[in-house]
Every structure is written in structure tokens, then in C-alpha cells.
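This report concerns only the one structure given below.
These numbers come from the heavy atoms of this one structure, side chains and all, not from hydrogens, waters or symmetry mates. Throughout, a chain's letter reflects where its sequence line sits, starting with A, and its residues are numbered from 1.
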Amino acid sequence: MPELPEVETVARGLERALKGRRILSLRLNRADLRWPLPAGLADAVQAQRVVAVGRRAKYLLVHLEAGSVLLAHLGMSGRLVIGGASGDGRHDHVVITLEDGVVVRFNDARRFGLLDYAPTVAALESHPRLKGLGPEPLGNQFNGPALAASLAGKKTPLKAALLDQRVVAGLGNIYVCESLYYANLSPRRLARTVTGARAETLAQAIRDVLQRAIAAGGSSLRDYVQATGELGYFQHHWAVYGKEGKPCPGCDCGKGIRRIVQSGRSTFYCARRQR
DNA sequence: CTTTCGTCCTGACTGC
DNA sequence: TGCAGTCAGGACGAAA
């Protein structure tokens, strides 16, 4: 489940493999992707050199020399596999061939992911998929007061608010659970009650959790480039996510980590520590 | 306007 | 061993 740290890790690995290389072709293998490729995408990227690979929220941004940008979202199961075929190739929906024999496959069994395109960097800002996204949690715009302002008046549970990409961009179920744990805040708390020092603590917890995860992902970059496409981020150790019934690592309450369902998604938390 | 909910998709897992 | 059933989740659009 790629969230911000995983996408950041992929972006760094991709940049290392693609930067400076020219795209020779982009081939679509199946027409029934959930979000069809933009018309003319293959022609638009043809013969373009990759100048950089970046990230906005959970979107990968492949910057091309003409100033255009190829966007990729990995959804739940999406991967960008560098090199050999991924598995039996059944889910290699898009294959991009570059100079020097470099091949990137957009492989996505569940097809929740997507590719998109912005003709210019200026258009990127107002691209339908990026417009309306909240601040980057690791950027300068994100801090306690900004987070409190976004949560002000919100009657939804804090958990749901943090999953809203308009509030803060790039968090998914895992890192929301982890951040709330380290901030000692209950996922059930009304979002609008998070102000002042609480918002400051939460903003800092979000940044810390993400930075630690990126650091861990960075150490497995070598694995990422392998033909298997494995990222290694499944080996992350979480404090609460997926830990139902396990002891809370931060207190001796004995009741352990609880799992509840909010908005149809699992939430993991310590009911004693998180208030 | 805000908020909630259903939809999509299939591999991995559970239980009989 | 086999098979049916359940679960996971991001983005989006419809409904409330």
C-alpha cells in the first residue's frame, strides 16, 4: 500500500534509473484500465528525455525535457518495475522503453493505479488530480497552526480528516494510524478539537513518522531496482498498524492494541494512551 | 456547502 | 485438497 514514504522511495529509485535517458516508446497493453490513459500520451512522451523524477502527495512526477510531466499513482498494488518482466507479466499494463535498454513496467494487479499527463509544469499546479491537494507534510507550509486551521470546524473523526488529501497530502491508512499513536490522540476524537499544542504535536508526529519511514525505505533502494520490483517496505515495523491484540509498545495497559472500523477502514490504536 | 457511502479489483488469506 | 467467502485500500462521484 504505497503511501507518501513509499512513493518517495520509488521516486528516488526511478530518478536514478531514468534521469538523462530518452523515452523510446510507451506501450499500452490493455484498454480497460480504470482511468484510461490520456489521448496521445504515447506520442507526447515519445523521444522525450527524463530530466527528473519527483513526487506530490502520492503521485510520482516524471519530468520530461519539454517541460511536460508524466504522472503516476500506484493505487494499492501498483508498481513501477525496472528491468525484467514482473512475474508472468499478466499485470504489466504499460511498458515504457528507454535508451540503454532500460524498461519500466507499470504493473498493477488491482488496477487502482493510474497514469496521467500534464503538458507543462505550469499546468501541473492546476492539474485536476493535483489541484485541491493539501500541503506536503514534509514541506514548509505544514505545521501546527496550518493543520489546526484545516481541521477547524470539521465534525468528522480525526482519523477520517487526516485521510482527506485536502487536509494534508500523502497520508494513507497506515501512516494516519501511526501518527495518531505517536501524537497520543484518539482516532475517534472530533477533528475540530485538535488545536494549539495538540495540533503542533500531531504535525510533528506526522513529520517524524514519515521521515523515519523514508529513511527505512531508502535503505532498501538497492532492492527496489532489482527485476523483482520488490520494495521491501512491507518489512516496516509498525507500532499499531496491523497489531490488533498485541501489547502497546508505549504503555503497560495490558489491553493491547484495539482495532475498530471507521469509514469502512480499519483503525488500530491504544485506547489508554490515545485520547 | 459538508459528510458519508458505494464502487471498482484481485491476490492473499481464513475456515469448513 | 478444494472451494467459497472475506478482507485490504485510494480516488472519485453520487447521495444524504
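A side-chain contact (heavy atoms from CB on, under 4.5 Å) with A/Val95 holds for exactly one of A/Val103, A/Leu28, A/Val81, A/Leu26; it is A/Val103.
Considering only side-chain atoms of A/Tyr59, the nucleotide from C/dC12, C/dG10, B/dC9 that sits closest is C/dC12. Of the listed nucleotides (C/dA8, B/dT3, B/dC9), B/dC9 has the atom at the smallest distance from the side chain of A/Arg111. Side-chain atoms of A/Pro157 lie closest to B/dT4 of the nucleotides B/dT3, B/dT4, C/dC12. The side chain of A/Lys154 approaches B/dT3 more closely than any other nucleotide in the set C/dG10, B/dG11, B/dT3. Nearest nucleotide to the side chain of A/Arg166, out of C/dC12, B/dT3, B/dT4: B/dT3. In the set B/dC9, B/dG11, C/dA11, C/dA11 carries the atom at the smallest distance from any side-chain atom of A/Lys58.
Once rounded to the nearest 0.5 Å, the distance linking CG of A/Leu80 with CG of A/Asp108 reads 9.5 Å.
The pair A/Glu3-A/Lys58 fails the salt-bridge criterion, with no side-chain N (NZ, NE, NH1 or NH2) lying under 4.0 Å from an Asp/Glu carboxylate O. Using a 4.0 Å cut-off between a side-chain N of Lys or Arg and a carboxylate O of Asp or Glu, A/Arg22 and A/Glu99 qualify as a salt bridge.
Here A/Ser263 lies out of heavy-atom contact (under 4.0 Å) with every strand. Nucleic acid contact for A/Gly113: none, since no nucleic acid atom lies under 4.0 Å from a heavy atom of the residue.
Within the 4.0 Å cut-off from OP1 or OP2 of B/dT10, not a single side-chain nitrogen or oxygen of A/Arg34 is found. Applying the 4.0 Å criterion to OP1 and OP2 of B/dT10, one finds that A/Arg90 has every side-chain N and O outside that range. A close approach under 4.0 Å does occur between a side-chain nitrogen or oxygen of A/Arg129 and OP1 or OP2 of C/dC12. Of the side-chain N and O atoms in A/His91, none sit less than 4.0 angstrom from OP1 or OP2 of B/dC9.
Side-chain atoms of A/Arg265 come within donor-acceptor range of the base of C/dG10, with a qualifying N/O pair under 3.5 Å.
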